Amino acid sequence: QVQLVESGGGLVQAGGSLRLSCVASGRSFGSYAMGWFRQAPGKEREFVATIDWSGAGTDYADSVKGRFTISRDNVKNTVYLQMDSLKPEDTAVYYCARRSGSSRAYTPLGYTYWGQGTQVTVSS
């Protein structure tokens, strides 16, 4: 059974930073691509960032490119999302997700397992 547990969310002022973490249980964490998504009230879940099995390949939504950084530690079974220069429009529940394959994916349908989410609120 795979479980994903996010942490690191909170309330921050615009221009500030937060670092989200997602710890995965289960075997072979290092074999699978991971992703971060977010969902604001009344909106659909949207792609934020993805990272391949090795950590060498990453990609970002245009809205966060240059401000957010995804990374992973396969020894600690953890994926991170460093969020800098936060804006009020970044306010959402942030979810990490695991694929059943090793390559990156950009839609929720490409992911098999999901965490419970962590709230990020950016005040203006």
Side-chain angles (χ1 to χ4, degrees):
Q1 183 72 10
V2 175
Q3 289 188 325
L4 304 174
V5 180
E6 301 102 332
S7 62
L11 174 64
V12 64
Q13 288 188 330
S17 298
L18 284 174
R19 188 195 196 200
L20 306 184
S21 300
C22 172
V23 180
S25 66
R27 294 183 176 181
S28 304
F29 171 81
S31 299
Y32 303 107
M34 300 291 294
W36 285 97
F37 289 77
R38 66 187 182 187
Q39 189 166 18
K43 295 188 176 182
E44 293 187 351
R45 192 167 298 190
E46 66 173 358
F47 166 75
V48 174
T50 182
I51 188 167
D52 69 12
W53 67 276
S54 70
T58 61
D59 209 351
Y60 301 89
D62 288 344
S63 59
V64 307
K65 201 169 291 185
R67 301 188 297 121
F68 290 11
T69 304
I70 188 171
S71 61
R72 66 189 297 160
D73 185 333
N74 287 344
V75 174
K76 295 182 178 180
N77 281 15
T78 303
V79 62
Y80 304 97
L81 186 68
Q82 177 67 41
M83 305 186 296
D84 298 318
S85 302
L86 282 161
K87 304 175 181 180
E89 51 263 43
D90 294 318
T91 295
V93 177
Y94 283 71
Y95 298 89
C96 76
R98 203 208 81 176
R99 294 208 67 204
S100 292
S102 60
S103 59
R104 293 164 283 173
Y106 303 87
T107 67
L109 289 177
Y111 292 81
T112 307
Y113 301 98
W114 292 83
Q116 82 288 350
T118 186
Q119 177 71 47
V120 171
T121 303
V122 184
S123 63
S124 57

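This structure is a prediction, so every number in the text was calculated from the model and none was measured. All residue numbers refer to positions in the sequence shown, counting from 1.
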**Request:** Determine, using ring centers only, whether Tyr111 and Phe37 are less than 6.0 Å apart.
**Result:**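 Between Tyr111 and Phe37, which both carry aromatic rings, the centre distance is below 6.0 Å.
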Quick check: is [Y] connected to [X] through a chain of hydrophobic side chains (ILVMFWY, heavy atoms under 4.5 Å apart)?
| X | Y | value |
| --- | --- | --- |
| Ile70 | Trp114 | no |
| Leu20 | Val12 | yes |
| Leu81 | Val120 | yes |
| Leu18 | Leu4 | yes |
| Tyr113 | Val48 | yes |

Looking only at heavy atoms, which two atoms of [X] and [Y] are closest? And how far apart?
| X | Y | result |
| --- | --- | --- |
| Ala33 | Ser103 | CB-O, 3.0 Å |
| Ala40 | Ala92 | N-CB, 3.9 Å |
| Ser71 | Val79 | O-CG2, 3.1 Å |

**Message:** Considering only residues two or more places apart or on different chains, which pairs with a residue in residues 96-112 satisfy salt bridge (Lys or Arg N to Asp or Glu O under 4.0 Å)?
**Reply:**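 Sorted result for residues 96-112: empty, none.
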**salt bridge (Lys or Arg N to Asp or Glu O under 4.0 Å) partners of residues 68-85, not counting sequence neighbours, each pair once** =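 Listed once each, the pairs would be none.
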**Item:** Lys87 and Asp90 ion-paired at < 4.0 Å
**Value:**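 Salt bridge between Lys87 and Asp90, a charged N being under 4.0 Å from a carboxylate O: no.
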**Asked** Listed by chain and number, what are the salt bridge (Lys or Arg N to Asp or Glu O under 4.0 Å) partners of Arg19, not counting sequence neighbours?
**Response**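 Arg19 satisfies salt bridge (Lys or Arg N to Asp or Glu O under 4.0 Å) with no other residue.
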For the side chain of [X] and the backbone of [Y], is there at least one donor-acceptor N/O pair under 3.5 Å apart?
| X | Y | result |
| --- | --- | --- |
| Ser25 | Gln3 | yes |
| Thr91 | Val122 | yes |
| Glu6 | Gln116 | yes |

Rounded distance [0.5 Å steps], [atom1] in [X] versus [atom2] in [Y]:
| X | Y | atom1 | atom2 | value |
| --- | --- | --- | --- | --- |
| Trp36 | Phe47 | CH2 | CZ | 13.0 Å |
| Arg27 | Tyr32 | CZ | OH | 10.5 Å |
| Tyr95 | Thr118 | OH | OG1 | 10.0 Å |
| Asn77 | Ser28 | CG | OG | 9.5 Å |
| Gln39 | Glu46 | CD | CD | 9.5 Å |
| Met83 | Arg67 | CE | CZ | 9.5 Å |

**Prompt:** Should Phe29 and Asn74 count as side-chain neighbours, where that means a heavy-atom distance under 4.5 Å?
**Reply:**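 Counting from C-beta outward, Phe29 and Asn74 do come under 4.5 Å.
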**Request:** Answer whether the closest heavy-atom distance between the side chains of Ser17 and Gln82 falls below 4.5 Å.
**Result:**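 A side-chain contact under 4.5 Å exists here.
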**Item:** CD (Glu89) with more than 12 external heavy atoms under 6.0 Å
**Value:**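 Yes, enclosed.
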**Request:** Answer yes or no: does atom NZ of Lys43 have more than 12 heavy-atom neighbours from other residues, nucleotides or ligands under 6.0 Å?
**Result:**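 Not buried by this count: 12 neighbours or fewer within 6.0 Å.
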**Message:** Does the plane of the ring in Phe68 sit parallel, tilted or perpendicular to the ring in Tyr94? Use 30° and 60° as the thresholds.
**Reply:**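 Plane angle between 30° and 60°, so tilted.
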